[in-house]
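The structure appears right after this line, and notes come after that.
Position 1 is the first residue of the sequence; numbering continues from there. This structure is a prediction, so every number in the text was calculated from the model and none was measured.
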Amino acid sequence: DNLNELSTEMDRWLTAIGDHPNLPERELIDRLWEGNDSQPRTADPEIKISDDKVEITCSTKGASIGYKIIDTEGEELKSWNVFTIPFSLPPGMQIKAQAKRIGYKESEVVEYPNH
């Protein structure tokens, strides 16, 4: 039946990716915090512009980086976007970015250019 087939596939997938969804909370926290006694903070992202392309990096392994573009009037455009590939920034625009990693405190919000 479909439920058994889906359950078997879910078990296979969890094994393949090394996920352990039934870990006790303390053990899960120990793994996420990589043995630290207190919740680690995600490193602040770094925004660089080279060849008219914006590159945003974060030194925290496994972190995701979100960014917003701010227009020349200081108004934020759209909602947060997830940084995946370098992109062009129109003249006069600014960027703000923040990095997050599951189990860690989020980074500070950084802006480019810095104010």
Side-chain angles (χ1 to χ4, degrees):
D1 103 318
N2 263 355
L3 183 57
N4 286 334
E5 183 180 331
L6 291 173
S7 179
T8 300
E9 176 56 20
M10 176 66 120
D11 290 342
R12 184 208 62 77
W13 180 71
L14 290 172
T15 300
I17 65 169
D19 194 359
H20 306 283
N22 298 320
L23 286 177
E25 185 175 6
R26 183 70 249 172
E27 190 175 337
L28 177 60
I29 289 171
D30 287 344
R31 285 183 182 205
L32 287 173
W33 292 3
E34 298 176 346
N36 293 311
D37 290 336
S38 60
Q39 187 177 19
R41 179 176 294 282
T42 308
D44 292 348
E46 294 183 32
I47 303 170
K48 298 176 187 166
I49 297 184
S50 177
D51 297 326
D52 294 325
K53 295 285 186 182
V54 175
E55 175 79 28
I56 311 173
T57 58
C58 178
S59 62
T60 301
K61 182 180 173 187
S64 296
I65 303 168
Y67 71 93
K68 275 188 168 187
I69 296 175
I70 304 167
D71 70 16
T72 56
E73 304 297 318
E75 296 293 322
E76 294 179 6
L77 305 178
K78 301 183 184 178
S79 58
W80 288 92
N81 296 294
V82 176
F83 178 80
T84 54
I85 60 171
F87 60 92
S88 295
L89 184 67
M93 301 286 193
Q94 301 171 349
I95 299 171
K96 70 178 179 179
Q98 185 174 42
K100 298 181 180 190
R101 182 178 187 260
I102 292 175
Y104 283 40
K105 294 178 185 175
E106 57 194 30
S107 76
E108 295 295 324
V109 174
V110 297
E111 294 186 12
Y112 183 94
N114 297 332
H115 294 291

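The NZ atom of Lys100 lies 9.5 Å from the OG1 atom of Thr42; values are rounded to the nearest 0.5 Å. Rounded to the nearest 0.5 Å, atoms NZ (Lys68) and CG (Asn81) are 9.5 Å apart. Taken from CD1 in Ile95 to CD in Glu76, the straight-line distance is 12.5 Å, to the nearest 0.5 Å. Here the CG-CG distance, from Asp71 to Leu77, works out to 5.0 Å after rounding to the nearest 0.5 Å. With rounding to the nearest 0.5 angstrom, the CZ atom of Arg41 is 13.0 Å from the OH atom of Tyr104. Between atom CD1 of residue Ile49 and atom CD1 of residue Ile56 there is a gap of 9.0 Å, rounded to the nearest 0.5 Å.
Looking at Ser50 and Glu55, their side chains never come closer than 4.5 Å, going by heavy atoms from C-beta outward. For the pair Lys105/Pro40, no side-chain contact is recorded, criterion being any heavy-atom separation below 4.5 Å from C-beta on. You'll find the side chain of Pro45 reaches within 4.5 Å of the side chain of Ser107, heavy atoms only. Side-chain contact between Ile70 and Met93 is absent, with no heavy-atom pair separated by less than 4.5 Å.
Nearest heavy atoms, Cys58 versus Ala43: SG-O, 3.2 Å.
Atom CG of Asp51 sits in a sparse spot, with 12 or fewer heavy atoms from other residues, nucleotides or ligands closer than 6.0 Å. Other residues, nucleotides and ligands contribute only 12 or fewer heavy atoms inside 6.0 Å of the CG atom of Asp37. Atom CD1 of Ile102 has 12 or fewer neighbouring heavy atoms from other residues, nucleotides or ligands inside a 6.0 Å radius.
Between the Ser7 side chain and the Leu3 main chain, no donor and acceptor come within less than 3.5 Å of each other. Side chain of Arg101 to main chain of Thr60: no donor-acceptor pair is present (N/O by atom type, distance under 3.5 Å, no hydrogens or angles).
When each of Asp52, Ile47, Ile69 is paired with Leu89, the side chain to side chain contact (heavy atoms under 4.5 Å, CB included) condition holds for Ile69 and for no other.
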Exercise for review: Check the pair Gln98, Glu106 against side chain to side chain contact (heavy atoms under 4.5 Å, CB included), reporting the backbone distance first and the verdict last.
Suggested key: CA-CA 7 Å; Gln98 185 174 42; Glu106 57 194 30; 3.4 Å; yes

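Taking the six-membered ring for Trp and the full ring otherwise, Tyr67 and Tyr112 have centroids separated by 6.0 Å or more.
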